[in-house]
Amino acid sequence: QTQLNIEQRYHLESNLVDALKNGELSLNYQPFFCLKNNKVIGAEALLRWNNPILGNVPPDQFINLAERNGQINEIGNFVLHTAIAQAAKWFVIQPQNFRIAINISPVQFRNSSFAEHIENLLSLYNLPASALEIEITEGILLQDEHVAQHTIKKLQQFGVRVSLDDFGTGYSSLSYLQKYSFNTLKIDRCFITNIEKNEQDRELSKAIIAIGKKLDMHVIAEGVETQAQDDFIKSEECDYGQGYLYGKPVTAGLFEKSYLS
Ligand code: C2E
Ligand code: CA
Ligand code: CA
């Protein structure tokens with residue numbers, strides 16, 4: 001994550017205020033694949049901000065600003081509405097094995113009616129709960145343990161999957177696996193990136209895949225860029241893969257053309 005100085009932050013923040021109403025925000029979709037049959041089984045929605053002056057601003061630079069000034073609720077809602085509406089259309093084209101993965105900020109997740117909100121959106125757009133996966137990070141679990149536990153359970157009760165993103169980068173990750181029941185574990189990109197050069201990362205990736213399997217979770221490797229990385233995760237029987245090797249994040253139109261027809 002790039003560190004911005006106070007002036008840059010101020011500049012971004014003042015432009016971000018109007019980004020949504022000026023139509024500067026949009027979503028890209030990156031495919032993820034089943035490694036057994038190499039089929040697309042879903043898409044992760046990734047937020048994009050294109051500002052006439054600033055150009056393309058990466059989410060790593062503006063999401064934490066939006067979290068601090070509260071705008072993330074509005075922006076997060078835009079993401080939920082857009083991605084769920086889009087997924088409902090794609091689900092019609094590919095009803096078997098298609099799901100949309102949506103990143104949720106801890107700020108959104110903290111809201112005690114988050115699970116109901118999701119339930120309402122699913123019925124509004126007519127998307128089956130099984131076609132939605134909510135991606136959260138450890139940051140969520142560091143807050144109010146009971147609220148988080150309750151929300152995760154509720155989501156799973158109506159059939160929404162919950163995945164733990166960036167796994168392996170935070171701390172005390174293993175105790176979270178015991179406390180919460182995730183459907184999917186996403187191995188952080190940094191492990192995958194170093195698989196070829198770093199023996200330790202290779203061993204850790206193996207261990208994470210094994211832990212996921214033991215605990216009945218699906219494991220997805222993200223940031224797969226090379227054939228050697230693909231070979232490795234396949235030999236370890238990792239379930240799913242995502243990364244530039246398989247497909248970069250693209251617009252909805254391009255996603256549909258490339259992967260769903
Ligand atoms: P993330 O959830 O870990 O998303 C994966 C990031 O890795 C994306 O960056 C994606 O473009 C990038 N990526 C995918 N495959 C590869 C690869 O093979 N190599 C490399 N080098 N990168 C790859 P992006 O789109 O810049 O998003 C960065 C982060 O911003 C995301 O990390 C997520 O934490 C956050 N984010 C994005 N969209 C949203 C959103 O709608 N809501 C929230 N709360 N956070 C979001
Ligand atoms: Ca993610
Ligand atoms: Ca991630």
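We use all heavy atoms of the structure for the numbers below, so side chains are in, but hydrogens, waters and symmetry mates are not. Just so you know, ligand 1 is whichever comes first in the structure, and atom 1 is the first atom listed for that ligand. Bear in mind that the values here come from a model prediction, so they are computed numbers and not experimental data.
- Contact check on Lys186 versus Glu44 returns a salt bridge, with a Lys/Arg side-chain nitrogen under 4.0 Å from an Asp/Glu carboxylate oxygen.
- By the 4.0 Å heavy-atom criterion, Lys248 is excluded from the residues contacting ligand 1.
- For Asp231 and Lys234, the salt-bridge test fails: no basic side-chain N is under 4.0 Å from an acidic carboxylate O.
- The single protein non-hydrogen atom nearest to atom 5 (C) of ligand 1 is Glu222 OE1, 4.0 Å, given as residue, atom name and distance.
- Note on ligand 1: Pro58 sits outside its first shell, no heavy atom being nearer than 4.0 Å.
- Here the protein heavy atom with the shortest distance to atom 18 (O) of ligand 1 is Tyr244 N, 2.8 Å.
- Of the protein's heavy atoms, none falls inside 4.0 Å of atom 9 (O) of ligand 1.
- In terms of modelled atom types and a separation under 3.5 Å, the side chain of Asn50 and the main chain of Glu24 share no donor-acceptor contact.
- In this structure, Phe32 and Tyr240 have tilted ring planes: the angle between them lies in the 30° to 60° band.
- Here the Ca ion (ligand 3) has protein N, O or S atoms under 3.0 Å from it, and they come to 4.
- Between Gln242 and ligand 1, not a single N/O pair is under 3.5 Å apart.
- Of all the atoms in ligand 1, the ones that sit under 4.0 Å from a non-hydrogen atom of Arg48 are 11 (O), 24 (P), 25 (O).
- Leu80 and Tyr125 fall within a single hydrophobic cluster, where Ile, Leu, Val, Met, Phe, Trp and Tyr are joined by side-chain heavy atoms under 4.5 Å apart, directly or via other members.
- Protein heavy atom closest to atom 7 (O) of ligand 1, with residue, atom name and distance, is Arg189 NH1, 2.7 Å.
- With a 4.0 Å cut-off on non-hydrogen atoms, Val79 touches ligand 1 through its side chain and not its backbone.
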Hey, mind stepping through Glu138 and Leu164 against side chain to side chain contact (heavy atoms under 4.5 Å, CB included) and telling me if it holds?
-> CA-CA 7 Å; Glu138 287 175 349; Leu164 184 56; 4.2 Å; yes
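- Scanning the protein heavy atoms around atom 15 (N) of ligand 1, the nearest turns out to be Gln30 NE2, 3.0 Å.
- Judged by distance alone, the side chain of Glu119 and the main-chain N or O of Leu122 form no donor-acceptor pair under 3.5 Å.
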Pair Ser205-Glu236, side-chain hydrogen bond (donor to acceptor under 3.5 Å, both in side chains): steps then yes or no = CA-CA 9 Å; Ser205 304; Glu236 293 305 316; over 6 Å; no
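- Taking distance alone, with nitrogen or oxygen atoms compared against 3.5 Å, Gln108 stays at or beyond that limit from ligand 1.
- By the 4.0 Å N-to-carboxylate-O rule, Glu116 lies close enough to Lys154 to be salt-bridged with it.
- Contacts between Val224 and ligand 1, counted as non-hydrogen atom pairs separated by less than 4.0 Å, involve the backbone only.
- Per-atom contact check: atom 24 (P) of ligand 1 touches the protein, criterion being a heavy-atom distance below 4.0 Å.
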Check step by step if side chain to side chain contact (heavy atoms under 4.5 Å, CB included) holds for Leu27 and Leu47.
-> CA-CA 5 Å; Leu27 294 182; Leu47 190 56; 3.8 Å; yes
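- In this structure, Thr184 and Val162 have side chains that are not in contact, with every pair of non-hydrogen atoms separated by 4.5 Å or more.
- Using cut-offs of 30° and 60° for the angle between ring planes, the Phe109 and Phe114 rings count as tilted.
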Could you check Ile136 against Phe182 for side chain to side chain contact (heavy atoms under 4.5 Å, CB included), going step by step and ending with a plain yes or no?
-> CA-CA 10 Å; Ile136 63 176; Phe182 295 102; 3.8 Å; yes
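- Ligand 1 has an N or O atom lying under 3.5 Å from an N or O atom of Asn103, backbone or side chain.
- Closer than 4.0 Å to atom 32 (O) of ligand 1 lies none of the heavy atoms of the protein.
- For Ser105 (side chain) and Val107 (main-chain N/O), a donor-acceptor pair under 3.5 Å exists by modelled atom type.
- For atom 26 (O) of ligand 1, the nearest non-hydrogen atom from the set Ser105, Ala45, Pro59, Gly223 comes from Pro59.
- Close N/O approach between Leu47 and ligand 1 is found [any backbone or side-chain N/O within under 3.5 Å].
- Protein heavy atom closest to atom 28 (C) of ligand 1, with residue, atom name and distance, is Asp60 OD1, 3.4 Å.
- Here the heavy atom of the protein found nearest to atom 11 (O) of ligand 1 is Pro249 CG, 3.4 Å.
- When only non-hydrogen protein atoms are considered, atom 35 (C) of ligand 1 lies nearest to Ile63 CD1, 3.9 Å.
- With a 4.0 Å cut-off on non-hydrogen atoms, Lys186 does not touch ligand 1 at all.
- Among protein heavy atoms, atom 21 (N) of ligand 1 sits closest to Glu225 OE2, 3.1 Å.
- Remark: aromatic rings of Phe98 and Phe91 are distant, center separation not under 6.0 Å.
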Give the C-alpha distance, both sets of side-chain angles, the deciding distance and a yes or no for side-chain hydrogen bond (donor to acceptor under 3.5 Å, both in side chains) between Asn183 and Glu133.
-> CA-CA 9 Å; Asn183 303 87; Glu133 182 142 15; over 6 Å; no
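- Only the side chain of Glu44 comes within contact range of ligand 1, with a heavy atom under 4.0 Å; no backbone atom does.
- Heavy-atom contacts of Asp166 reach the following atoms of ligand 1: 3 (O) (cutoff under 4.0 Å).
- A continuous path of Ile, Leu, Val, Met, Phe, Trp and Tyr side chains, each step under 4.5 Å between heavy atoms, connects Leu127 with Val79, placing both in one hydrophobic cluster.
- Looking at Glu44 and the Ca ion (ligand 2) together, the shortest N, O or S contact belongs to OE2.
- At a heavy-atom distance under 4.0 Å, no atom of Thr137 approaches ligand 1.
- Counting only residues at least two apart or on different chains, no side chain to side chain donor-acceptor pair (under 3.5 Å) pair has a member in residues 213-225.
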